[in-house]
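Written below as structure tokens is the structure these notes are about.
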Amino acid sequence: MYNMLQHAHSGLRWLVLLFLVLAIVFALIKWIGKKPFWQTHRKYALLALIFTHVQVLIGFILYFISPKVIFAGGAMKDAVSRFYLLEHLVGMLLAVIIITIGYAKAKRALPEKSAKLTFWYYTVGLLLIIASIPWPFRAALGAGWY
């Protein structure tokens, strides 16, 4: 079960990133063009929101069953253990909270302000996510592209 959840969590990251980028790009185009954010474009923002929430649910399960998360006293002294125990969790939770707040505010905003709100909140969330992913080039963290 752990391997299946780990692969789902790792693969779903690409859908999260894709829909966040699509939502940000369309929001930027609409904001700069001073045009309203259409329902089609809002769907990208909604899909990004949905996939980030699904990702968090899978991540919470993995947090408690993963051998990479160590709840021992010396875990904070080791960079890899600290990353999976604290840094990854906090960074991703902050990103999802920011994205969720942004979606809610943009949904209630006037059409001409909706794109601007989506752009800024989703961009901050995306930057936090990118900083919190254990990318392969961060070799010490031991994660792959998939």
Side-chain angles (χ1 to χ4, degrees), residues 1-66 68-71 75-76 79-146:
M1 183 170 142
Y2 169 73
N3 285 335
M4 180 185 72
L5 287 173
Q6 185 183 25
H7 286 296
H9 190 64
S10 185
L12 190 59
R13 130 183 69 174
W14 298 109
L15 289 174
V16 169
L17 293 173
L18 171 71
F19 284 110
L20 279 173
V21 168
L22 285 172
I24 289 167
V25 167
F26 282 116
L28 181 63
I29 291 168
K30 293 297 181 178
W31 176 33
I32 289 174
K34 298 188 188 301
K35 296 179 181 176
F37 207 40
W38 297 101
Q39 283 298 87
T40 306
H41 304 123
R42 286 180 200 232
K43 287 181 184 175
Y44 293 124
L46 177 61
L47 286 170
L49 178 77
I50 291 168
F51 282 121
T52 55
H53 282 98
V54 170
Q55 187 76 325
V56 164
L57 291 175
I58 295 170
F60 272 139
I61 295 168
L62 284 171
Y63 186 75
F64 291 105
I65 66 172
S66 174
K68 293 179 181 179
V69 178
I70 301 167
F71 295 100
M76 295 303 280
V80 175
S81 296
R82 184 179 59 246
F83 176 81
Y84 286 106
L85 180 64
L86 186 69
E87 295 169 10
H88 182 67
L89 174 74
V90 171
M92 294 300 183
L93 282 178
L94 283 174
V96 171
I97 290 168
I98 289 169
I99 289 167
T100 304
I101 291 170
Y103 182 80
K105 285 186 173 223
K107 188 176 177 182
R108 284 184 256 126
L110 296 172
E112 56 273 3
K113 294 196 181 231
S114 183
K116 180 180 177 181
L117 288 168
T118 300
F119 173 78
W120 283 115
Y121 278 92
Y122 277 48
T123 299
V124 171
L126 177 63
L127 292 174
L128 281 168
I129 287 171
I130 288 172
S132 300
I133 290 176
W135 295 104
F137 49 82
R138 296 174 75 180
L141 299 177
W145 288 107
Y146 176 75

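Quick note: numbers below take in every heavy atom, side chains included, and nothing from hydrogens, waters or symmetry partners.
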**Q.** Taking every non-hydrogen atom, the tightest pair across Ile98 and Gly125
**A.** CG2-N, 4.2 Å
(Q) Quick one, Ile129 and Met92 - any side-chain contact, counting heavy atoms below 4.5 Å? (A) yes
Q.
Applying side-chain contact (heavy atoms from CB on, under 4.5 Å), can you list everything that pairs with Ile58, at least two apart in sequence or on another chain?
A. Leu5, Ala8, His9, Leu12, Val54, Leu62
Q | Contact summary for Ala109 and Leu117, nearest pair of heavy atoms | A | CB-CD1, 3.5 Å
Q.
Within this structure, what is the CD1-CG distance for the pair Ile24 and Leu127, rounded to the nearest 0.5 Å?
A. 7.5 Å
Q | Value rounded to 0.5 Å, distance of CG in Leu15 from CD in Gln55 | A | 9.0 Å
Q: Please report the closest heavy-atom contact between Tyr103 and Arg42, naming both atoms and the distance.
A: CE1-O, 4.4 Å
Q. Are the side chain of Thr52 and the backbone N or O of Ala48 linked by a donor-acceptor pair below 3.5 Å?
A. yes
Q: Identify, with sequence neighbours excluded, every residue that meets side-chain contact (heavy atoms from CB on, under 4.5 Å) alongside Ala23.
A: Tyr44, Ala45, Tyr122
Q) To the nearest 0.5 Å, how far apart are CD1 in Ile99 and OG1 in Thr118? A) 11.0 Å
Q) From Leu126 CG over to Leu17 CG, what is the distance, rounded to the nearest 0.5 angstrom? A) 6.5 Å
Q: Check Ser132 against Gly91 and note the closest heavy-atom contact, atom names and distance.
A: OG-CA, 3.3 Å
Q) So do Leu47 and Leu22 actually touch side chain to side chain, heavy atoms under 4.5 Å? A) no
Q | Which residues share a side-chain contact (heavy atoms from CB on, under 4.5 Å) with Tyr63, sequence neighbours left out | A | Val69, Phe71, Leu85, Leu89
(Q) Do Phe83 and Pro134 make a side-chain contact, defined as non-hydrogen atoms from C-beta onward lying under 4.5 Å apart? (A) yes
Q.
Using the side-chain contact (heavy atoms from CB on, under 4.5 Å) criterion, which residues pair with Trp31? Sequence neighbours excluded.
A. Leu28, Ala115, Lys116, Phe119, Trp120
Q: Evaluate the criterion side chain to side chain contact (heavy atoms under 4.5 Å, CB included) for residue pair His88 and Lys68; output intermediate values, then yes/no.
A: CA-CA 12 Å; His88 182 67; Lys68 293 179 181 179; over 6 Å; no
Q. Quick one: side chain to side chain donor-acceptor pair (under 3.5 Å) partners of Ser81, sequence neighbours excluded?
A. Asp78
Q: Starting from the C-alpha separation in whole Å, work towards a yes-or-no answer on side chain to side chain contact (heavy atoms under 4.5 Å, CB included) for Phe60 and Val56.
A: CA-CA 6 Å; Phe60 272 139; Val56 164; 3.5 Å; yes
Q) Roughly how far, to the nearest 0.5 Å, is NZ of Lys30 from OG of Ser114? A) 11.5 Å
